[in-house]
Amino acid sequence: MRYWLMKTEPSEFSLADLKRAPRQTAPWDGVRNYQARNHMRDGMRLGDRVLFYHSSTDPLAVVGTARIVREAYPDESAWDPKSAYHDPRSTPENPVWLRVDIQFEAELPCPVSLTEMRKLPELKDMLLLRKGMRLSIQPVTPAEFEAVLRHAERLAASGGS
């Protein structure tokens, strides 16, 4: 099993949206970065766990977890000229962009903000915390994944951040 962090703007798609989706499952589409696409194509497998991260909000934070429930397949939004994610280079015969399906797993008892993560020594090497790291899909180690979950529990026990 592998572990991932997936960033989303909650105004576009939030953890609450995933939780309300049919079967609490939704496609992770609209990815238009080759490295993120390659993570989906080459790395993500059924059952992999995901830290669900809200970006472009205050605070920036991991707010929940999800699982990969369908491996990479063509992102049809690239073929739709009306879609914000349209890419004329991508066709059904030669899809450039991919998506995976994720399923809601849990909401954290307390969000773990980027500021909080920067304070944790066990996350010092986490990709998210590197200067200039803007990738929307990135691997995390099992230890980093568990450290975020443990910190959420500690924050909740202490009444929040």
Side-chain angles (χ1 to χ4, degrees), residues 1-33 35-77 85 97-130 133-161:
M1 179 186 309
R2 292 185 178 173
Y3 298 85
W4 305 93
L5 181 137
M6 297 173 84
K7 293 181 184 179
T8 181
E9 296 179 16
S11 62
E12 294 293 320
F13 187 75
S14 68
L15 186 68
D17 294 329
L18 179 60
K19 194 173 180 180
R20 283 192 302 269
R23 295 181 315 283
Q24 298 184 318
T25 301
W28 197 267
D29 57 7
V31 172
R32 296 299 181 263
N33 173 284
Q35 190 173 358
R37 188 257 341 244
N38 294 348
H39 283 315
M40 288 190 294
R41 181 190 67 202
D42 303 332
M44 289 185 166
R45 297 295 174 254
L46 291 178
D48 284 359
R49 295 186 71 199
V50 173
L51 292 173
F52 199 101
Y53 183 88
H54 281 173
S55 64
S56 298
T57 189
D58 187 24
L60 305 171
V62 173
V63 296
T65 61
R67 283 196 185 267
I68 303 300
V69 294
R70 183 175 178 191
E71 293 181 12
Y73 62 102
D75 182 350
E76 296 173 11
S77 69
Y85 303 115
W97 302 110
L98 303 172
R99 60 182 166 189
V100 296
D101 288 354
I102 64 170
Q103 185 173 56
F104 174 82
E105 187 176 69
E107 187 170 344
L108 296 186
C110 192
V112 180
S113 71
L114 183 62
T115 302
E116 284 294 317
M117 286 187 270
R118 290 191 188 287
K119 295 176 186 176
L120 301 175
E122 59 265 47
L123 298 181
K124 68 179 174 47
D125 296 323
M126 190 175 191
L127 288 176
L128 177 69
L129 304 182
R130 291 187 185 165
M133 176 48 79
R134 298 177 42 88
L135 201 57
S136 63
I137 297 173
Q138 47 194 261
V140 296
T141 67
E144 291 165 345
F145 190 93
E146 292 303 324
V148 171
L149 299 186
R150 278 193 312 273
H151 196 65
E153 293 291 339
R154 283 195 300 268
L155 287 171
S158 69
S161 49

Scanning both residues in full, the closest heavy-atom pair of Pro10 with Ser55 reads CD-O, 3.1 Å
Shortest non-hydrogen pair, Ser77 vs Gly30, comes out as OG-N, 4.2 Å
Of all heavy-atom pairs linking Leu15 and Gly64, the shortest is CD2-CA, 3.7 Å
One should read off an interatomic distance between His151 NE2 and Leu149 CG, to the nearest 0.5 angstrom, of 12.0 Å
Only one of Phe145, Trp28, Trp4 passes ring pair (Phe, Tyr, Trp, His ring centres under 6.0 Å) with Phe52, and that residue is Trp28
If you measure from the Lys or Arg side-chain nitrogens to the Asp or Glu carboxylate oxygens, is any gap between Arg20 and Asp17 under 4.0 Å?
yes
Result for side chain to side chain contact (heavy atoms under 4.5 Å, CB included) between Val31 and one of Met40, Met6, His39 points to Met40
When rounded to the nearest 0.5 Å, the distance separating OG1 of Thr65 from CG of Leu18 is 10.0 Å
Would you call Glu116 and Lys119 a salt bridge, taking side-chain N to carboxylate O under 4.0 Å as the test? yes
Residues Cys110 and Ala152: closest non-hydrogen pair is O-CB, 3.4 Å
Here the pair of heavy atoms bringing Arg23 nearest to Thr25 is O-OG1, 2.8 Å
Closest non-hydrogen atoms of Glu153 and Pro109, given as atom of the first, atom of the second and distance, are OE2-CG, 3.6 Å
Checklist line | Pairing of Arg32 and Asp75 as salt bridge, 4.0 angstrom limit | finding: yes
